[in-house]
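What follows is a set of notes on a single structure, which appears directly below.
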Amino acid sequence: MNVMQQECRYLLLVASAVMNQKKTPVLSNSLMSWRNLYQVAEANQVANLIYLGILGFGSDIEKQAKTLFYESYQRELKNIPVYRSAEEVLRWQLERHRIYFMILEGSTLRDLYPQGELRKMDRIRIWIPKGELHRIDTMMRSMDYELHENREDDGILYYKIPGVYVAFYEKLRFVAGRLEKYFDSPLRMFSKVKGYRYLRSFDEEEAYLYMAGRAANEYALGRATIRTVLDFWLYVKRHEEELDWSYINRVLKKKRIQTFSRHFMKLGDIWFGNEVCNDMEIYSAMELYIFSRGEQGRQMSEKILPLIQDVADFYQRDRESEWQNKEKELLFPKREYMETLFPVLKKFPWLYFPCCIIRIRRMRVSRKKQLDEKKSKEDVRME
């Protein structure tokens, strides 16, 4: 076992101890450095969680490395009210603008963990109907969000100080193309959330299928992490007795991810449930595949998830082109929307492009004004 694998194995040991509220064994007589261990933990999105497992180590851990783990934990602790507030405002704004929406990933993920700060929150993911991006852009900019480049997927990403990221999706995309068809129904057809008019949600079986699809995406693309497995495992443990497994397995089989989801869950049982399995060849290969970001253990992984072979096709969707098209839609919205801002277009449609230029200039002036106001407030605070 190389040093990298040792580091990952030890992280799993610590994460399991935290999740099961047990004492963490002290690392000793090893080639591993705590700084390297922190970097691996960050890459696997669990550095904040690992901090609780090493609290009582004292001199057994490098001071600088312990500080890094502590800062990661503190960031998530501070992020809880920030993201909660951002999500509440987004719900209110989307309802006010009468836009159907579904929060795919948000505060409910934190609720799966024993303590909210144990789950690193990198962004809120929101599903919206097609054709609403121009209204979303206006809404987000009015709340001081800025358009941010998204290199992870095809969502439109926004950022706001002090560190809130929100991604909007017009379509749920999966490496398993058949799963895309399953979620291709109009958003308004999904279950309405009590107390809201436009907010929708998955039922428990749909949520499981979504999470299984997301996990398959991350795994096939070589981006699955310890947190990916932990999210999935915790969701199943929370809802296991309530789920209609006959329906779920029927759908998963048709979508070609039944075998993968079963093994992925079993991997979570081994990592965090301390289960023992007689046939460890599969799970050792899965572990190696995750730790190496898809470079090793590939042959066995392709048997578990044949869709790995389709990854090249998945990437052939020209994401740069998609981004440019969506950015173009934000800058040059549909005529119907522009007519609400410039009624003159109803009579003189040829003025569409000049009106778009005026709108873009207004947006820039508004943004500059907001930045100037922020700077002015900061200067007052400094004084």
Side-chain angles (χ1 to χ4, degrees), residues 43-45 102 104-105 108-109 112 122-123 125 127 151-155 167 169 171-185 202-240 243-245 247-272 282-317 319:
N44 278 276
Q45 302 173 307
M102 183 187 295
L104 299 168
E105 296 179 27
T108 53
L109 280 175
L112 295 173
D122 48 6
R123 64 185 61 182
R125 300 178 192 270
W127 183 17
R151 300 195 172 197
E152 181 180 309
D153 52 35
D154 60 352
Y169 302 84
K171 182 180 178 64
L172 303 189
R173 295 192 181 276
F174 299 95
V175 175
R178 298 180 186 181
L179 199 58
E180 285 189 12
K181 294 180 181 178
Y182 180 87
F183 289 105
D184 205 26
S185 301
F202 291 137
D203 62 29
E204 287 162 356
E205 284 73 27
E206 290 166 342
Y208 177 94
L209 293 169
Y210 169 78
M211 293 195 72
R214 284 281 302 170
N217 267 15
E218 297 301 295
Y219 193 85
L221 297 170
R223 296 199 306 230
T225 63
I226 292 174
R227 193 192 74 179
T228 309
V229 181
L230 190 52
D231 280 353
F232 186 70
W233 184 77
L234 286 172
Y235 179 82
V236 177
K237 287 299 177 184
R238 174 73 63 87
H239 300 285
E240 195 167 13
L243 292 169
D244 182 346
W245 287 105
Y247 172 76
I248 286 173
N249 288 324
R250 195 161 59 247
V251 174
L252 290 176
K253 188 175 182 179
K254 289 180 181 177
K255 310 307 177 185
R256 298 169 60 201
I257 57 174
Q258 182 184 20
T259 301
F260 166 77
S261 61
R262 185 176 71 250
H263 286 307
F264 205 67
M265 180 60 193
K266 184 65 176 179
L267 184 64
D269 286 332
I270 294 169
W271 281 3
F272 310 112
I282 292 174
Y283 304 106
S284 296
M286 291 181 74
E287 189 174 283
L288 188 60
Y289 184 85
I290 291 172
F291 292 166
S292 67
R293 292 292 185 266
E295 293 181 5
Q296 300 177 49
R298 190 177 184 87
Q299 188 174 358
M300 181 65 75
S301 291
E302 286 181 354
K303 292 179 181 178
I304 298 165
L305 185 63
L307 295 168
I308 289 175
Q309 299 169 13
D310 301 336
V311 168
D313 296 332
F314 184 80
Y315 269 116
Q316 281 175 4
R317 297 172 179 173
R319 293 189 177 183

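We count residues from 1, following the sequence as given.
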>> Test of understanding: with side-chain hydrogen bond (donor to acceptor under 3.5 Å, both in side chains), list the residues that count as partners of T228, not counting sequence neighbours.
In response: T225
> Which heavy-atom pair separates R173 from E180 by the least distance, and what is that distance?
Replying inline: CA-OE2, 3.3 Å
> Does the side chain of R227 come within less than 4.5 Å of N44's, by heavy atoms?
Replying inline: no
> What residue among W271, F264, F272 forms side chain to side chain contact (heavy atoms under 4.5 Å, CB included) with W233?
Replying inline: F272
> Y283 and L267: which non-hydrogen atoms are nearest, and at how many Å?
Replying inline: O-CD1, 3.9 Å
> Any idea which heavy atoms bring R293 and G222 closest together, and the distance?
Replying inline: CD-O, 3.2 Å
>> Going by the rule side-chain contact (heavy atoms from CB on, under 4.5 Å), which residues pair with K181 if we only count those two or more places apart in sequence or in a different chain?
In response: none
>> Nearest 0.5 Å, please: how far is CG in L179 from CZ in R214?
In response: 12.0 Å
> In Å, rounded to the nearest 0.5 Å, how long is the span from CD1 of I290 to CE of M286?
Replying inline: 5.5 Å
>> According to ring pair (Phe, Tyr, Trp, His ring centres under 6.0 Å), who are the partners of Y235, at least two apart in sequence or on a separate chain?
In response: H239
> Which pair of heavy atoms, one from R256 and one from P306, lies closest together, and at what distance?
Replying inline: NH2-CB, 3.8 Å
> Got a sec, which residues hit salt bridge (Lys or Arg N to Asp or Glu O under 4.0 Å) with D203, two or more places apart in sequence or on another chain?
Replying inline: none
> Closest heavy-atom contact between A212 and L252?
Replying inline: CB-CD2, 4.3 Å
>> How long is the straight-line distance from CG of D231 back to CD of E218, given to the nearest 0.5 Å?
In response: 10.5 Å
> Between D154 (side chain) and K171 (backbone), is there a donor-acceptor pair under 3.5 Å?
Replying inline: no
>> Could you tell me if the side chain of E206 sits less than 4.5 Å from the side chain of V251, heavy atoms only?
In response: no
> How long is the span from the CG atom in L234 to the CG atom in L230, to the nearest 0.5 Å?
Replying inline: 4.5 Å
> Which value, rounded to the nearest 0.5 Å, describes the distance between S261 atom OG and L209 atom CG?
Replying inline: 8.5 Å
> side-chain hydrogen bond (donor to acceptor under 3.5 Å, both in side chains) with D244: which residues, sequence neighbours excluded?
Replying inline: S246
>> I need the minimum non-hydrogen distance between L112 and R238, along with the two atoms involved.
In response: CA-NH2, 3.4 Å
>> Restricting to side-chain hydrogen bond (donor to acceptor under 3.5 Å, both in side chains), what partner residues turn up for Y219, sequence neighbours left out?
In response: S301
>> Test of understanding: with ring pair (Phe, Tyr, Trp, His ring centres under 6.0 Å), list the residues that count as partners of Y182, not counting sequence neighbours.
In response: none
> Under the side-chain contact (heavy atoms from CB on, under 4.5 Å) test, which residues partner S284, sequence neighbours left out?
Replying inline: M280
> Which residues satisfy the ring pair (Phe, Tyr, Trp, His ring centres under 6.0 Å) test with F202, sequence neighbours excluded?
Replying inline: F183, F190, Y210
>> Once side-chain contact (heavy atoms from CB on, under 4.5 Å) is applied, do any residues pair with A216, and if so which ones, sequence neighbours excluded?
In response: I257, F260, L305
> Can you list the residues that meet the salt bridge (Lys or Arg N to Asp or Glu O under 4.0 Å) rule with E302, with sequence neighbours excluded?
Replying inline: R298
> Hey, what do you get for CD (Q45) to CD1 (I226), rounding to the nearest 0.5 Å?
Replying inline: 10.0 Å
> Would a 4.5 Å heavy-atom cut-off, applied to side chains only, mark Y208 and Y247 as touching?
Replying inline: no
> Any side-chain heavy-atom pair from Q296 and F291 closer than 4.5 angstrom?
Replying inline: no
> Sequence neighbours excluded, which residues qualify as side-chain hydrogen bond (donor to acceptor under 3.5 Å, both in side chains) partners of R125?
Replying inline: E105, E152, D153, Y169
